[in-house]
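The figures here come from the full heavy-atom set of this structure, side chains too, leaving out hydrogens, waters and symmetry mates.
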Amino acid sequence: MSTKHDHALIEETGRRARPGRRGAVVLVGVVLAGVVAVTTAWASDRAAAPVHLYWANFTPGWGKRPAATTIGRARLDGTGVEHSFVSGTGRRPCGVALDRKHIYWAELQGGKIGSPDEGGAIGRANRDGSGVNARFIPPPDGGGCGVAIGGSHIYWASGRAIGRANVDGTGVDGQFIPGLAIPRSTSPISNGGGSCGIAAAGKYIYWMNNVEGAPPVTIGRANLDGTGVNKRFITGVTPGCGIAVVRGYIYWTNAGFDESRYAIGRANLDGTGVNQRFIRTAGIPCGVAVYQGQIYWGQWKGGFAHPGTTIGRANLNGSAVNNQFITGIHDFCGGLAVG
């Protein structure tokens with residue numbers, strides 16, 4: 001076909017197409033509007049996705065009952081309770097942390113039911129509960145309790161030290177901050193001495209030092225790079241497990257052995273204004289989390305044979321305390337996270 005004929009055909013095709021051009025524009029507009037509507041609805045659905053509260057089920061094996069190996073979850077309004085949202089965590093998960101894609105936990109015993117202890121590992125799963133890897137970071141230095149995400153790193157309590165690794169599991173340093181506690185702890189929640197409860201916020205990492213059970217213990221603080229270690233940043237704390245740092249305050253759990261001491265403590269970020277009984281709890285508190293205007297905590301009662309936990313909730317100013325916000329958890333609580 002000649003070039004002249006080609007040009008003529010193109011012009012003729014263009015002239016024939018012009019009468020329907022307006023309709024085509026309208027059709028394209030409708031299609032684009034539909035795409036925008038679908039995209040907007042999808043984005044709105046994502047934005048409206050419910051925030052959840054997660055807790056570690058921490059009960060040890062007792063009699064015929066095996067040790068707990070699950071992470072529970074519920075919506076922030078207390079509905080949609082899933083006691084085994086993540087299964088196969090390794091025995092006695094202790095501490096929960098979140099980032100945008102994953103759930104992390106530390107293990108006290110680790111390993112499968114009936115196997116020898118393999119404590120100290122950091123586990124990870126996808127936020128939908130799939131892809132469970134109970135040994136995401138294998139145990140470099142023995143059992144621990146507590147895990148936190150700070151920037152591009154994950155921190156955990158490892159015996160008497162703070163461990164650190166990259167969030168992809170590389171660069172493991174089990175002695176990132178060593179020498180943090182006195183051994184022989186008999187706290188009902190600790191792992192026989194060491195750090196239990198850890199949080200990372202802003203420029204700092206915070207941890208709880210369980211020392212010798214009933215006597216007061218301390219909350220330590222250091223820079224995220226491991227410098228500036230202050231082992232006695234806050235003193236006079238009873239043995240517990242759980243720290244949260246948000247909105248200008250540090251919150252922690254006070255447990256010990258005396259029911260009159262069961263409480264959530266609070267202090268200013270600089271360590272001043274310490275209130276050891278900011279919120280009285282109805283059981284042994286373990287795990288504390290803050291989201292927007294409310295604070296949540298786990299609290300457990302009962303012996304190993306018949307454990308039970310409730311999740312409490314209150315306003316950030318300590319008012320409107322509800323110690324029975326979520327009930328029916330037949331395990332000891334080993335840590336909370338919200339997100």
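Under the side-chain contact (heavy atoms from CB on, under 4.5 Å) criterion, A165 pairs with I137, I154, W156, V172, sequence neighbours left out. Applying the salt bridge (Lys or Arg N to Asp or Glu O under 4.0 Å) test to R266 and every residue at least two apart in sequence or in another chain returns nothing.
Residue pairs meeting the side chain to side chain donor-acceptor pair (under 3.5 Å) criterion with at least one member in residues 286-295, sequence neighbours excluded: Q294-Y296. Screening residues 69-84 for salt bridge (Lys or Arg N to Asp or Glu O under 4.0 Å) gives R73-E82 as the qualifying pairs, with residues at least two apart or on separate chains. Pairs passing the salt bridge (Lys or Arg N to Asp or Glu O under 4.0 Å) check and including a residue from residues 285-299, sequence neighbours excluded, do not occur.
To the nearest 0.5 Å, atom CD1 of residue I205 and atom OH of residue Y155 are 5.5 Å apart.
Counting heavy atoms from C-beta outward, Y54 and L336 have side chains that stay 4.5 Å or more apart. You'll find the side chain of V290 reaches within 4.5 Å of the side chain of L316, heavy atoms only. A heavy-atom distance below 4.5 Å is found between the side chains of P93 and I71. Contact annotation: the side chain of R127 approaches that of L98 to within less than 4.5 Å [non-hydrogen atoms, C-beta and beyond]. Using a 4.5 Å cut-off on side-chain heavy atoms (C-beta onward), D99 and Y104 make contact. For the pair V237/Q276, a side-chain contact is recorded, criterion being any heavy-atom separation below 4.5 Å from C-beta on. At a threshold of 4.5 Å between non-hydrogen side-chain atoms, the residues Y262 and I279 do not count as touching. Between F85 and T70, every side-chain heavy-atom pair lies at or beyond the 4.5 Å cut-off.
Partner C286 forms a side-chain contact (heavy atoms from CB on, under 4.5 Å) with one of W300, W297, W55 and no other, that one being W300.
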- [ ] Go through W252 and I234 one step at a time and tell me if the side chain to side chain contact (heavy atoms under 4.5 Å, CB included) criterion holds.
- [x] CA-CA 11 Å; W252 64 89; I234 296 175; 4.0 Å; yes
Open item on the list: Run the side chain to side chain contact (heavy atoms under 4.5 Å, CB included) test on R124 and I103 for me, step by step, so that the C-alpha distance in whole Å, both residues' side-chain angles and the decisive distance to 0.1 Å come before the verdict.
Closed with: CA-CA 6 Å; R124 190 182 78 169; I103 307 166; over 6 Å; no
TODO: Check the pair I264, N254 against side chain to side chain contact (heavy atoms under 4.5 Å, CB included), reporting the backbone distance first and the verdict last.
DONE: CA-CA 6 Å; I264 302 300; N254 282 311; over 6 Å; no
Open item on the list: Could you go through W105 and I122, starting from their C-alpha distance and side-chain angles, then the distance that decides it, and tell me whether this counts as side chain to side chain contact (heavy atoms under 4.5 Å, CB included)?
Closed with: CA-CA 6 Å; W105 61 89; I122 303 300; over 6 Å; no
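Put simply, V274 and F278 are part of two different groups of oily side chains (I, L, V, M, F, W, Y) that touch within less than 4.5 Å, one to the next.
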Name the atoms and distances for all side-chain donor-acceptor pairs under 3.5 Å in residues 219-228, with sequence neighbours left out.
unit_1: N223; atom_1: ND2; unit_2: T227; atom_2: O; d: 3.4
unit_1: N223; atom_1: ND2; unit_2: T227; atom_2: OG1; d: 2.8
unit_1: D225; atom_1: OD1; unit_2: T227; atom_2: N; d: 3.0
unit_1: D225; atom_1: OD1; unit_2: T227; atom_2: OG1; d: 2.7

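For N126 (side chain) and G129 (main-chain N/O), no donor-acceptor pair under 3.5 Å exists by modelled atom type.
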